[in-house]
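Data first, discussion second: the structure below is written as structure tokens.
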Amino acid sequence: MSITEMPQNWEPKILVFACNWCTYAGADLAGLSRLQYPPNIRILRVPCSGRVNPQFVIRAFQRGIDGVLVAGCHPGDCHYVSGNYFTRRRYLLMQRLLQYVGIDPERFQARWISGSEGPKFQQVVTQITEEIRAMGPNRKLRDAQ
Amino acid sequence: MKRVGVFICHCGTNISAAVDCEKVAENAKSFPGVAYSTDYKYMCAEPGQELIKKAIKEQKLDRIVVASCSPRMHEPTFRRCIESGGLNAYLLEMANIREHCSWVHPDDKERATIKATDLVKMAVAKVMQNEALVRSTIPITKRALVIGGGIAGIQAALDIANTGHIVDVVEKEPSIGGRMAQVDKTFPTLDCSACILTPKMVDVANHPNVNLITYSEIEKVEGYVGNFDVTIRKKARSVDLKACTGCGTCIQKCPTKVPSEFEMEMMDRKAIYTPFPQAIPNKPVIDRENCRYFKSGKCGVCQKVCPTNAVDFTQEDELVTERYGAIVVATGFDLFDESVYGEYGYGKYKDVITGLHFERLLNASGPTMGKIKRPSDGKIPQNVVFIKCVGSRDEAKGKAYCSKTCCMYTAKHATLVREKIKDSNAYVFYMDVRTPGKGYDEFYTRTTDQYGAKYIRGRVSKIYEKGDKLIVWGEDTLLGRPVEIEADMVVLATAMVAKADAAKLAQMVGFSYDQNHFYTEAHPKLAPVETHTAGVFLAGACQGPKDIPESVAQASAAAVKVCGLLSKEEMPTEPIISAVNEAICSGCGMCVPVCPYTAIDLKVIQERIHGKTVSRKVANVNSGLCQGCGACTVACRSAALNLKHFTNEQILAEVDALCL
């Protein structure tokens, strides 16, 4: 399938790496508060956003995921003191790497969502889902295989 | 063959209203490794748990996926459940299909069911890679260390000692007592500070469970909760504490005079000295930098006059290492450097002083025997001007935070000026008056209404000398007009700041500090005395500006935490920590600086290669310190470090399961 071809009823699939202490709790709070958002995201729980190896992100794009979000505690609030600072630096580097291999760097995002920010979680994933939807399916690395 | 059991919970109708649970259970049967899959109305309830336990036995399941609510809610429940069913607790994965699915997608059952299926698929892929993990235990050393012998340290030590545990108190200065010993009276009761502090100092010194280690500093801290190995530098006191009787003859005869730090340099002390008369231990120390014997080799008077031969010039710093189960950090505060405010002329004009100088002027054993006198000429001042928020609430020159205690101690000073000096005037320049605290606002009201202190809202722009007076220029912002006061003395309410070496100690012990170098509590509301480092607790103003009652309360709270820890023989450790594959570790050390808990170091291992013994370095994770964040696993260039329960293989399996 070529990139230009849009399959019928296509829905983007987005992988969210959520840190256990802030964003995962924020997503739980969104659920408790019954805040609705599009059912396109799949949350993968990690202890800290700093645990997310760039390899995981590359693998997801390689396997055809349409978007990846890494979300953790706000800078300065990391449960593990400094993990999200590594995430912040990696995020900028990763976007450049993705651009280099020809994937729209906007498909990869990082956000800071605390355990008390259910509404922010809802707003972020809704916005990202719509942005990825506008970009269309990611077939780049899959087609190359 | 791995045999996974999948259990889909309806949560009443919480999940089943938006997700077709039967269908998810049916779909799960086709996932690799799944041997059994079912759904039930309430998985967490007794019959649900029995269902899981029965299935483990009958279907010979060796790992379990429960798709229900958030693992933050019921992971411990289901871990216990499969454990009693005969499986290791860590062979469980949960798929969160309630908070992350049914509750947020109530109107699209078809897509919510697809999402739930995906989440279960990811959990199955992960659980296939799960390994049985064992919680280990570490022994706890039943001895506590308190760093800092001020009121917070004293209180914490007493509380811990009273429960029967041994406590060592390490104090940098020659005597315990800290800042509170320098204070004359305390607000809002105007109790004499020494009268309430010194009995506590005596109590702590005489307590059978407390060892005071004064004139000593922390040199090195290693280890982790339950087992901190702390090296303490006992500075050479030059006086044998055992032989010395504290008679004070040496102090009388010493010919060298040095400005006393305790008296804020408004009075002299000798080169061999005790900081203040009620010092504990009440035995002198030689200040080697100023002592004639140490400077020129001549003198030695103190040694000659000592009746017990206690003076020992040959003493050297001594390093001792002791093991502690818990540490309370109570290192206190410093005062802001007021010379930053050139317009106030601090340092230039002798009669511009700080609040702590003023405390010493008020004190009966201070330089003026408790009479308020000007440092310049010893005259009694008639007009005293107080300036608040010097260094605090000023982002441009000082600190952004409110120093909290200054409003109250300035009110106290103004009251005492009016009480002690007949026909005097006390002017207070303020930005705001903040008096939260029991009896505090009443005290402030008394200061203005009963004692007639004149409060002026506004800042002072300049102070200059005219004859023997200080002219204070300011603005009354309430009346909108300039103010000029002919003052005899100006007292600056300087901000409390973190100790100059606060960051150094935090790095040594391994906990965090904020941008102002105050120590960071584990949670601002729910864990105010804990640090992020297990076994290290905070008390007093090292954590932020605090008055005496707050410091005491926090010290007692920290003591309870310490006692809770020391009451156990051993403590379980979380097995979700990093592990090193020594075979592929190259010993590059990239992981070492990344670890926020200093849990990784390099160790040397011996290997037999081609018949020869070769030694090489590899990373080594301290299981007591590692908190399982996984930062090191990403820093590792050869994937030799892996985080248990969240291994690279597990996460990649989840990613693959979702995408393919």
Side-chain angles (χ1 to χ4, degrees), chain A residues 11 13-21 24-25 27-66 68 76 78-83 85-87 90 115 118 121-122 125 142, chain B residues 18 69-73 93-94 96 98-108 110-116 118-119 121-122 126 510-512 514-515 520 522 532-533 576 594-597 627-636 639 643 645-646 648 651-652 654-660:
Chain A
E11 281 291 333
K13 208 183 240 188
I14 298 160
L15 173 61
V16 179
F17 289 99
C19 91
N20 182 46
W21 305 98
Y24 199 92
D28 279 358
L29 182 62
L32 279 169
S33 325
R34 310 295 198 277
L35 303 174
Q36 296 187 35
Y37 51 82
N40 298 63
I41 61 151
R42 307 287 183 264
I43 294 178
L44 195 162
R45 184 162 71 128
V46 283
C48 174
S49 62
R51 171 68 185 99
V52 180
N53 195 316
Q55 189 196 356
F56 305 157
V57 180
I58 298 286
R59 175 82 81 107
F61 282 122
Q62 220 175 353
R63 299 276 197 256
I65 201 88
D66 299 306
V68 175
C78 179
H79 180 81
Y80 299 107
V81 186
S82 55
Y85 293 135
F86 297 123
T87 309
R90 262 180 220 133
F121 183 84
Q122 174 198 35
V125 296
R142 221 180 193 189
Chain B
C69 51
S70 172
R72 294 170 59 88
M73 173 100 181
E93 281 302 323
M94 288 185 72
N96 185 346
R98 192 178 75 174
E99 282 86 343
H100 292 184
C101 193
S102 69
W103 277 354
V104 286
H105 313 308
D107 302 329
D108 192 344
E110 192 192 336
R111 290 179 64 203
T113 305
I114 295 173
K115 180 173 176 178
D118 271 352
L119 292 174
K121 196 175 170 192
M122 287 165 75
K126 187 180 178 196
F511 57 89
S512 48
D514 64 20
Q515 70 269 33
T520 312
H532 280 298
T533 305
I576 301 177
V594 167
C595 179
Y597 304 101
Q627 304 280 314
C629 70
C632 54
T633 61
V634 188
C636 183
L643 179 63
H645 208 65
F646 289 96
N648 294 335
I651 295 175
L652 285 172
E654 280 187 273
V655 170
D656 286 354
L658 170 64
C659 299
L660 291 174

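Residue numbering restarts at 1 for every chain, and letters A, B, ... go by the order of the sequence lines.
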- Query: CZ of Arg42(A) to CD of Glu654(B): how many Å apart, nearest 0.5 Å?
  - Reply: 13.5 Å
- Task: Check whether any side-chain heavy atom of Asp28(A) sits under 4.5 Å from a side-chain heavy atom of Asn96(B), and report yes or no.
- Result: yes
- Between atom CG of Asn40(A) and atom CG of Asp118(B), what is the distance when rounded to the nearest 0.5 Å? 11.0 Å
- Query: Checking heavy atoms, do the side chain of Asp66(A), its backbone, both or neither come under 4.5 Å from chain B?
  - Reply: neither
- Report the option among Ser49(A), Ala30(A), Ala25(A), Cys19(A) that has the most heavy-atom pairs separated by less than 4.5 Å from atoms of chain B. Ala25(A)
- Query: Does any non-hydrogen side-chain atom of Gln36(A) lie less than 4.5 Å from one of Trp103(B)?
  - Reply: no
- Interface check, chain B: of Pro47(A), Pro39(A), Cys78(A), most non-hydrogen pairs under 4.5 Å belong to Pro39(A)
- Among Ser102(B), Ala631(B), Ser70(B), who wins on heavy-atom pairs under 4.5 Å with chain A? Ser70(B)
- Say you draw a straight line from CZ of Arg34(A) to NE2 of His105(B); how long is it, rounded to the nearest 0.5 Å? 13.0 Å
- How far apart are the C-alpha atoms of Glu99(B) and Ile43(A), what are their side-chain angles, what is the distance that settles it, and do they pass the side-chain contact (heavy atoms from CB on, under 4.5 Å) test? CA-CA 11 Å; Glu99(B) 282 86 343; Ile43(A) 294 178; over 6 Å; no
- Query: Can you find a heavy atom in the side chain of Val634(B) that is under 4.5 Å from one in the side chain of Phe86(A)?
  - Reply: no
- Query: For Tyr597(B) and Val81(A), what are the C-alpha separation, side-chain angles and deciding distance, and is it a side-chain contact (heavy atoms from CB on, under 4.5 Å)?
  - Reply: CA-CA 9 Å; Tyr597(B) 304 101; Val81(A) 186; 4.3 Å; yes
- Task: Hey, can you tell me if His100(B) and Phe121(A) have their rings parallel, tilted or perpendicular (30° and 60° cut-offs)?
- Result: parallel
- Note on the structure: Given Asp514(B), Asp656(B), Leu643(B), Thr633(B), the one with more heavy-atom pairs under 4.5 angstrom with chain A than any other is Asp656(B)
- Item | Side chain proximity check, Val46(A) to Ile651(B), heavy atoms < 4.5 angstrom | yes
- Query: Do you know the tightest heavy-atom contact between Cys659(B) and Ala60(A)?
  - Reply: SG-O, 3.9 Å
- Query: Looking at side-chain heavy atoms only, is the closest gap between Asp108(B) and Pro38(A) below 4.5 Å?
  - Reply: no
- Task: Quick one: pull up NE2 in His79(A) and SG in Cys629(B) and give me the separation to the nearest 0.5 Å.
- Result: 9.5 Å
- Rounded distance (nearest 0.5 Å) linking atom CG of Leu32(A) with atom CZ of Arg98(B): 7.0 Å
- Message: Measuring only between side-chain heavy atoms, which start at C-beta, is Arg51(A) closer than 4.5 Å to Asn648(B)?
- Response: yes
- Query: Would you say the side chain of Arg63(A) lies within less than 4.5 Å of the side chain of Leu658(B), judging by non-hydrogen atoms?
  - Reply: no
- Query: So Ile114(B) and Glu11(A), side-chain contact (heavy atoms from CB on, under 4.5 Å) or not? Walk me through it.
  - Reply: CA-CA 12 Å; Ile114(B) 295 173; Glu11(A) 281 291 333; over 6 Å; no
- Item | Test item: Arg72(B) side-chain N/O and Tyr24(A) main-chain N/O as donor-acceptor pair under 3.5 Å | no
- Please examine the side chains of Val655(B) and Phe17(A), heavy atoms only from C-beta on, and report whether any two atoms are closer than 4.5 Å. yes
- Chi angles and distances behind the side-chain contact (heavy atoms from CB on, under 4.5 Å) call for Ile41(A), Lys115(B): CA-CA 8 Å; Ile41(A) 61 151; Lys115(B) 180 173 176 178; 3.8 Å; yes
- Side chain, backbone, both or neither: which part of Arg45(A) has an atom under 4.5 Å from a heavy atom of chain B? both
- Query: Where is the tightest heavy-atom contact between Pro596(B) and Tyr80(A), given as atom of each residue plus distance?
  - Reply: CG-O, 3.3 Å
